[in-house]
Amino acid sequence: MAPTARKNAATPHYTVPGLKPDAAAEVITVLQDRLNALNDLALTLKHVHWNVVGPTFIAVHTMLDPQVEGVRAMVDATAERIATLGGSPVGTPGALVAQRSWDDYSIGRADANSHLAALDLVYSGVLEDHRAAIEKTEELDPVTEDLLVTQTGGLEQHHWFIRAHLERPDGTLVTANAPTEKTAARKAKR
């Protein structure tokens, strides 16, 4: 390996003061995964916005636009943090698809309850992975950890808006224990 070659694609030549390049590389890798997830979530929310139908169409349609805007702001903050750490954020569709560990959103044109049930699972997955990223960055970079904590709070609020439509009077969710988006959508129709 030539002296100027990178140890790996994520290891920056420089980073913020007080953070070693190897630690920055770990944080950049975590953030790239979160960038992919947030980009995917923004696109999925817009897909639902365009494909929701039924009597509660307008309520769900208009509820989703502020969520899309909020998630897009998170995308920008995440990409900018990668760049601040000396990395190069990758936001192309091909890279997102190649790097993600989850399947595409599986619901097309459908009623509001079906989409909300599927989105419940989408948000759950994003939130679980965000919390794991918080744990990974806790010791490495408290600034990145703070960014992820703030984002998680926003994502949890968006998720609450989705779940409020799926909650029964006893506090349980109609989507409880649904393993897939399509299963959750079917459970929401009962």
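All values below were derived from every heavy atom in this structure, side-chain atoms included, with hydrogens, water molecules and symmetry-related copies excluded.
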For the hydrophobic clusters of this structure (ILVMFWY residues joined by side-chain heavy atoms under 4.5 Å, transitively), does one cluster hold both V60 and I58? yes
Please tell me if the side chains of L85 and L31 come closer than 4.5 Å, counting only heavy atoms from C-beta onward. yes
For the hydrophobic clusters of this structure (ILVMFWY residues joined by side-chain heavy atoms under 4.5 Å, transitively), does one cluster hold both L121 and L173? no
Find out if a path of hydrophobic residues (ILVMFWY) with successive side-chain heavy-atom gaps under 4.5 Å connects L64 to W160. yes
Using side-chain heavy atoms (C-beta onward) and a distance below 4.5 Å, is Y105 in contact with L43? no
Straight-line distance of T29 OG1 to Q99 CD, nearest 0.5 Å: 9.5 Å
Would you indicate whether the side-chain heavy atoms of L119 and T44 approach each other to under 4.5 Å? yes
Solution key, residues 66-77 side-chain donor-acceptor pairs under 3.5 Å, sequence neighbours excluded:
from, atom 1, to, atom 2, distance (Å)
Q67, OE1, Y123, OH, 2.6
Q67, NE2, H158, O, 3.4

Write down the atom of K189, the atom of S114, and the distance for their closest heavy-atom approach. CE-OG, 3.1 Å
Same apolar cluster (I L V M F W Y, side chains within < 4.5 Å links), L155/V30: no
Point-to-point distance, once rounded to the nearest 0.5 Å, from CD1 of I134 to CG of L147: 9.5 Å
To the nearest 0.5 Å, atom NE2 of H159 lies from atom CG of L127 at 6.5 Å
Test side-chain contact (heavy atoms from CB on, under 4.5 Å) on M63 and I162 and set out the steps. CA-CA 9 Å; M63 175 184 73; I162 300 296; 3.6 Å; yes
Roughly how far apart are L19 CG and Y14 OH, rounded to 0.5 Å? 12.5 Å
Verify, without hydrogens or angle tests, whether H130 (side chain) and V149 (backbone) share a donor-acceptor contact under 3.5 angstrom. no
Spell out, as yes or no, whether a donor-acceptor pair under 3.5 Å connects the side chain of E181 to the backbone of S106. yes
Would you find a donor on one side and an acceptor on the other, under 3.5 Å apart, between the side chain of R168 and the backbone of D170? no
Does Q32 reach the main-chain N or O of V90 with its side chain, forming a donor-acceptor pair under 3.5 Å? yes
Does any part of the side chain of P21, heavy atoms only, come nearer than 4.5 Å to the side chain of H13, both counted from C-beta? no
Taking atom NZ of K46 as the centre, report whether more than 12 heavy atoms of other residues, nucleotides or ligands fall under 6.0 Å from it. yes
Looking only at non-hydrogen atoms, find the nearest pair between G87 and P12 and report the distance. N-CB, 4.4 Å
Tell me, do D111 and V52 make a side-chain contact under 4.5 Å, heavy atoms counted? no
Heavy-atom donor-acceptor pair, T175 side chain to A117 backbone, under 3.5 Å: no
Separation between CD1 (I28) and CG (D33), nearest 0.5 Å, reads 14.0 Å
Applying salt bridge (charged side-chain N to carboxylate O under 4.0 Å, His left out) to K136 and D141, what does each step give before you reach the verdict? CA-CA 9 Å; K136 289 177 186 172; D141 182 25; over 6 Å; no
When you look at T152 and R131, which way does the side chain to side chain donor-acceptor pair (under 3.5 Å) test go after all the steps? CA-CA 7 Å; T152 300; R131 287 183 171 276; over 6 Å; no
Between CZ of R81 and CG of L148, what distance do you get to the nearest 0.5 Å? 10.0 Å
Taking all non-hydrogen atoms of both residues, which atom of N113 and which atom of L166 are closest, and how far apart? O-CD2, 4.2 Å
Run the numbers on H115 and N51 for side chain to side chain donor-acceptor pair (under 3.5 Å), then give the verdict. CA-CA 9 Å; H115 276 298; N51 284 287; 5.9 Å; no
What one should report as the nearest heavy-atom pair of R34 and A133 is CD-CB, 3.8 Å
If you take all heavy atoms of V174 and A188, which pair is closest and at what distance? CG2-CA, 4.0 Å
Cluster overlap V143 with I82, hydrophobic side-chain contacts below 4.5 Å: no
Check the pair T78, Q151 against side chain to side chain donor-acceptor pair (under 3.5 Å), reporting the backbone distance first and the verdict last. CA-CA 9 Å; T78 302; Q151 289 178 353; 2.9 Å; yes
Counting N and O atoms only, with roles assigned by atom type, does the side chain of T180 sit under 3.5 Å from a partner on the main chain of T183, one being a donor and the other an acceptor? yes
Sub-3.5 Å donor-acceptor pair from the side chain of H49 to the main-chain atoms of H61, do we have one? yes
Minimum heavy-atom distance T15-A24, with the two atoms named: OG1-CB, 3.3 Å
So do R109 and V53 actually touch side chain to side chain, heavy atoms under 4.5 Å? yes
